[in-house]
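Here is the structure we will look at.
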Protein chains: 2
Amino acid sequence: MDERKIRNMEEFASVSGISRPTVSKYFNDPTSVRASTRARIEAAIEQYDYRPNIYAMNQNRQLTKNIGIVVPYLADPFFGEIARVIERRCIEAGFSPSLFSSHGEAEQERDILDTLRSLKPAGVLLAPLGRTSDKSMIEAFCRDVPTVLFDSNIEGMGEAFVGSDNYSFVSQTVEYLSRTGEPPSFFEMKHPANPNANKRRRAYLDMMERLGLEPHVLQIDGTGWEFEEIGRKGGHDILSRNALRTDTILCSNDRLAIGLLSACYEAGYRVGRGSEHDLRVASHDDHPFSRYTCPALTTAAHDYASVSGHAVDTLFHLIESGVRFSTRDETLFSARLIMRDSA
Amino acid sequence: MDERKIRNMEEFASVSGISRPTVSKYFNDPTSVRASTRARIEAAIEQYDYRPNIYAMNQNRQLTKNIGIVVPYLADPFFGEIARVIERRCIEAGFSPSLFSSHGEAEQERDILDTLRSLKPAGVLLAPLGRTSDKSMIEAFCRDVPTVLFDSNIEGMGEAFVGSDNYSFVSQTVEYLSRTGEPPSFFEMKHPANPNANKRRRAYLDMMERLGLEPHVLQIDGTGWEFEEIGRKGGHDILSRNALRTDTILCSNDRLAIGLLSACYEAGYRVGRGSEHDLRVASHDDHPFSRYTCPALTTAAHDYASVSGHAVDTLFHLIESGVRFSTRDETLFSARLIMRDSA
DNA sequence: AATTATTTTTTACGCGCGTAAAGAATTTGT
DNA sequence: ACAAATTCTTTACGCGCGTAAAAAATAATT
């Protein structure tokens with residue numbers, strides 16, 4: 001690598017022997033120049049380690065190559081994984097992803113959308129907080145920036161929604177549990193942060209009715225995003241009050257289940273299948289840690305790859321076509337039942 | 001809010017009745033203008049919802065207000081938490097944090113540093129991958145950008161390192177375990193990803209020698225960042241080979257311990273204190289989930305707040321003073337023993 | 001009120017790159 | 001080999017803001 005510092009595209013153009021407009025054209029789309037000139041430019045890049053000033057690049061472009069990724073809560077490894085997959089695909093497509101986490105707070109979500117707007121991104125992938133989100137602000141944001149919602153739907157906002165089919169999660173777990181043992185009670189937060197929780201409750205009620213079984217919903221207290229602690233406290237409460245009708249609990253999500261399993265352990269309840277156990281516990285999401293609970297958690301898995309892949313594809317299509325969708329489309333992927341030892 | 005769209009600072013200056021250079025001065029430091037003009041500008045901002053174009057702002061500034069935050073693995077909620085705390089403090093200080101995760105891959109780490117360099121950040125907080133990091137590239141990066149390393153140290157790189165005192169972690173756990181029962185064996189990966197692991201092993205050996213006890217290190221196979229699975233497999237291997245000398249295991253970190261506890265449960269070993277238990281397991285880090293393992297994990301907690309707070313403070317000091325430190329300073333915070341049921 | 005210190009305005013240039021237009025050079029097709 | 005099509009060079013302007021310098025206005029001090 002040559003030690004001479006290239007200060008700008010003008011200098012780089014002259015050392016590479018190509019005119020500046022052509023070099024500029026190359027950086028905006030390497031395939032837009034002849035193969036031979038492309039080779040010369042790339043050789044010069046290699047030699048001088050030059051890259052254009054992104055601030056000057058983006059100043060005049062109406063559309064940058066930035067993509068915003070917003071998740072509600074990064075301390076949940078589920079979103080860490082999602083972020084990883086989405087980031088990779090954005091980079092492969094030549095975009096620059098910027099990752100943001102609302103950390104469970106509506107004010108942070110607002111600030112992020114503000115920041116994002118000034119980044120003039122080509123598009124945004126947004127997993128909103130849900131119930132506490134500032135709906136009108138999100139709506140205004142989506143009007144200005146091509147946005148695909150994922151994970152958690154807010155009716156009518158964004159050009160599209162990509163997520164998991166909550167009904168498919170719950171129908172599989174309820175069907176499995178009631179076929180192989182006593183019917184499940186449904187364990188959830190009284191005021192869930194996320195609209196998926198409501199869909200899951202309704203799916204539970206619906207499935208139980210279909211199967212001709214008596215539904216039983218256990219609603220526990222607690223607000224915020226510390227689901228494990230909420231699940232643990234709620235679990236202790238329910239176990240001590242003897243509020244169970246059957247020996248089977250179906251949790252709304254794995255993080256609550258992790259807390260519940262902890263409570264069961266502490267209270268001396270043996271969780272699992274078979275006669276030597278007191279309780280069966282199942283759940284939804286296939287959280288990265290659900291394999292390592294004691295016992296390992298029976299759950300329904302998201303199709304991670306499909307959800308993130310389709311969300312990205314949808315956004316790319318939106319960006320490339322340059323037009324907004326005439327109808328907002330919602331794509332839901334089915335769950336896959338993961339049978340482990342807890343139920 | 002007025003509906004008229006302000007296109008640039010010129011227009012904004014004219015509607016606010018202040019000259020453009022003064023407005024520019026305001027945006028670079030609101031306290032640098034007279035209180036009365038500041039009030040007028042802020043009223044106009046409120047009314048027209050104007051904010052300057054960040055690309056044009058940063059183009060001419062040698063030093064932007066950006067701060068890069070790089071963590072090795074976001075699917076570990078520990079880093080999600082760290083990111084949350086650091087982000088907040090950066091925003092409070094008027095900086096724009098950009099969060100990046102290497103996702104356990106050295107190539108990603110390299111790409112991130114490349115991206116970061118072109119963002120011309122005022123400073124960077126870097127938690128490197130460790131063993132697999134491209135040391136020479138990090139070194140070159142640190143020469144160009146004021147960088148504070150945290151969590152995982154690489155000798156001599158960056159202006160400072162802020163982390164936890166591994167010796168204090170291990171000394172407390174070893175002391176506690178050997179005082180209250182049989183001395184611990186040390187459970188770790190044969191090829192740990194992170195230099196902290198090596199320090200912990202050495203601290204274990206040192207402590208055992210001091211206490212006049214025979215050390216015993218269990219090194220398990222596996223590479224990468226899926227520590228739980230590595231711990232689980234290694235745990236099964238050790239339990240089935242009956243490789244334990246005592247009834248006490250001290251894990252290098254909580255994520256390995258989570259896997260080990262899972263293996264213990266699957267193999268029918270009862271973990272905990274007291275005569276009705278087979279095994280004691282303790283660990284280090286106070287991972288967000290360690291409270292919810294079964295049994296809850298006895299561990300040594302990082303001083304999260306101090307580490308992230310001091311790392312940020314150090315970087316701010318570096319940025320404000322404008323000078324590099326003459327000597328690289330390393331600050332280590334002590335651990336706090338968290339006694340739970342596993343040991 | 002006069003002097004001094006502070007703040008703002010006016011004027012002007014530059015940053016690094018996007019991009020448009022016209023002409024020159026190169027490649028492609030026959 | 002020649003015309004047509006493609007690609008590149010030259011020239012030139014603009015984006016939105018930072019920033020410097022001198023002049024003007026305002027505030028603080030005596």
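Chain naming here is simple, since letters A, B, ... match the order of the sequence lines and numbering starts at 1 in each.
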5'-most contact on DNA chain D (nearest-nucleotide basis), A:Ile18 vs B:Val23, goes to A:Ile18

Closest to the B:Met57 side chain, choosing from C:dT7, D:dC17, C:dT19: D:dC17

Nearest-nucleotide pick for B:Pro21, side chain only, options being D:dT19, D:dC17, C:dC17: D:dT19

What is the distance, rounded to the nearest whole Å, between atom [atom1] of [X] and atom [atom2] of [N]?
X: B:Glu10; N: D:dC17; atom1: CD; atom2: C1'; answer: 10 Å
X: A:Arg61; N: D:dC15; atom1: CZ; atom2: P; answer: 17 Å
X: A:Phe27; N: C:dG16; atom1: CZ; atom2: P; answer: 15 Å

Between B:Gln59 and B:Thr22, which has a closest nucleotide on DNA chain C that is more 5'? B:Thr22

Among side-chain atoms of A:Thr327 and A:Asp329, is any donor-acceptor pair under 3.5 angstrom? no

Is it the case that B:Tyr50 and B:Glu11 place a side-chain donor and acceptor less than 3.5 Å from each other? no

How are the rings of B:Tyr73 and B:Trp225 set to each other: parallel, tilted or perpendicular (split at 30° and 60°)? parallel

At less than 3.5 Å, do the side-chain atoms of B:Asn60 and the base atoms of D:dC17 form a donor-acceptor pair? yes

Donor-acceptor pair (no angle test) under 3.5 Å: A:Arg20 side chain, C:dG16 base: no

Under 4.0 Å between any heavy atoms, over every strand shown, what does B:Asn58 touch: base, sugar-phosphate, or nothing? Just pick one. nothing

